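One structure is given below, encoded as structure tokens.
Please read all numbers here as calculations on a predicted model, not as lab measurements.
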Amino acid sequence: QVQLVESGGGLVQAGGSLRLSCAASAGIFTINTMGWYRQAPGKQRELVARFTSGGSTNYADSVKGRFTISRDNAKNTIYLQMNSLKPEDTAVYYCTADLNISGTITSPFWGQGAQVTVSA
């Protein structure tokens, strides 16, 4: 199993910046992918940014040019740098990871969530 511990989040004014962190503990297992999702009240969960198994990145169109996903492989930690924040970025942000166990990809594991609130 995987444990995902998120930190960061908070309240910021429009145009400000915030950085989220997610540290993964996977024991002897190999992490396949990691990424970030978000969910606003009354809306469906949305992919924000992720690493693919090949190491490339994908971003939602709504955050391209403003958000950057990065990682520290030695620490099994990913980050989400959020710049030029807008009120519509307000949501609970979730870290996710899945595992490669002898060629089988697991269902995703989820962090506890971090509230990001952007005021107008």
Side-chain angles (χ1 to χ4, degrees):
Q1 294 185 340
V2 177
Q3 290 184 313
L4 301 171
V5 180
E6 299 182 35
S7 61
L11 175 64
V12 66
Q13 292 183 335
S17 298
L18 213 55
R19 189 195 194 205
L20 304 180
S21 300
C22 175
S25 178
I28 66 172
F29 299 110
T30 300
I31 294 174
N32 183 52
T33 64
M34 294 187 72
W36 296 94
Y37 286 73
R38 67 185 181 187
Q39 187 166 25
K43 292 193 173 183
Q44 294 183 335
R45 191 186 310 160
E46 173 190 29
L47 174 68
V48 178
R50 66 170 181 168
F51 287 103
T52 69
S53 59
S56 62
T57 56
N58 295 135
Y59 292 92
D61 288 341
S62 60
V63 307
K64 286 181 179 177
R66 300 188 298 119
F67 290 12
T68 303
I69 187 172
S70 61
R71 65 185 176 187
D72 183 337
N73 287 333
K75 297 180 178 179
N76 275 338
T77 299
I78 64 168
Y79 308 90
L80 186 67
Q81 179 66 46
M82 302 181 290
N83 298 326
S84 301
L85 283 162
K86 304 174 180 179
E88 51 262 45
D89 295 318
T90 295
V92 177
Y93 285 70
Y94 295 95
C95 176
T96 187
D98 55 28
L99 306 179
N100 185 327
I101 303 178
S102 299
T104 298
I105 308 303
T106 68
S107 298
F109 296 85
W110 298 92
Q112 80 277 15
Q115 177 68 50
V116 172
T117 302
V118 184
S119 64

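Listed by first then second residue, pairs satisfying disulfide bond (SG atoms under 2.5 Å apart) with a partner in residues 50-83 number zero, not counting sequence neighbours. For the salt bridge (Lys or Arg N to Asp or Glu O under 4.0 Å) condition, the pairs that include at least one residue of residues 43-54, sequence neighbours left out, are R38-E46. Sorted by first then second residue, the salt bridge (Lys or Arg N to Asp or Glu O under 4.0 Å) pairs that include residues 66-76, not counting sequence neighbours, are R66-D89. Contacts classified as salt bridge (Lys or Arg N to Asp or Glu O under 4.0 Å) and involving residues 53-62 (residues at least two apart or in different chains) are given here: D61-K64. Among residue pairs with one or both ends in residues 109-120, none qualify as salt bridge (Lys or Arg N to Asp or Glu O under 4.0 Å); sequence neighbours excluded. Residue pairs satisfying the ring pair (Phe, Tyr, Trp, His ring centres under 6.0 Å) criterion with at least one member in residues 39-88, sequence neighbours excluded, are absent.
To the nearest 0.5 Å, atom CD of residue Q3 and atom CG of residue N76 are 13.0 Å apart. Within the model, atoms OG of S53 and CD1 of I31 stand 13.5 Å from one another, a figure rounded to the nearest 0.5 Å. Taking CD1 from I78 and CD1 from I69, the interatomic distance works out to 4.5 Å, rounded to the nearest 0.5 Å.
Applying the salt bridge (Lys or Arg N to Asp or Glu O under 4.0 Å) rule to K86 yields no partners; only residues at least two apart in sequence or on another chain are considered. Listed by chain and residue number, T52 satisfy the side-chain hydrogen bond (donor to acceptor under 3.5 Å, both in side chains) test with S56 (two or more places apart in sequence, or in another chain). With sequence neighbours excluded, the residues satisfying side-chain hydrogen bond (donor to acceptor under 3.5 Å, both in side chains) with Q115 are T117. Judged as a side-chain hydrogen bond (donor to acceptor under 3.5 Å, both in side chains), and not counting sequence neighbours, the contacts of D98 are N32, T33.
Between V48 and V63, the shortest heavy-atom distance links the atoms O-CG2, 3.7 Å. The shortest heavy-atom contact between E6 and G113 is OE2-N, 3.2 Å.
Contact of the T68 side chain with the L80 side chain is not registered, since no non-hydrogen atoms from C-beta on lie closer than 4.5 Å.
No chain of hydrophobic side-chain contacts below 4.5 Å, direct or via other Ile, Leu, Val, Met, Phe, Trp or Tyr residues, connects F109 to V5.
Hydrophobic cluster membership of Y94, counting Ile, Leu, Val, Met, Phe, Trp and Tyr whose side-chain heavy atoms lie under 4.5 Å apart directly or via other members: Y37, L47, V92, W110.
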Check residues 8-29 and write down every donor-acceptor pair under 3.5 Å in which the side-chain atom is one partner and the other belongs to a residue at least two apart or another chain.
unit_1 : atom_1 : unit_2 : atom_2 : d
S17    : OG     : N83    : OD1    : 2.9

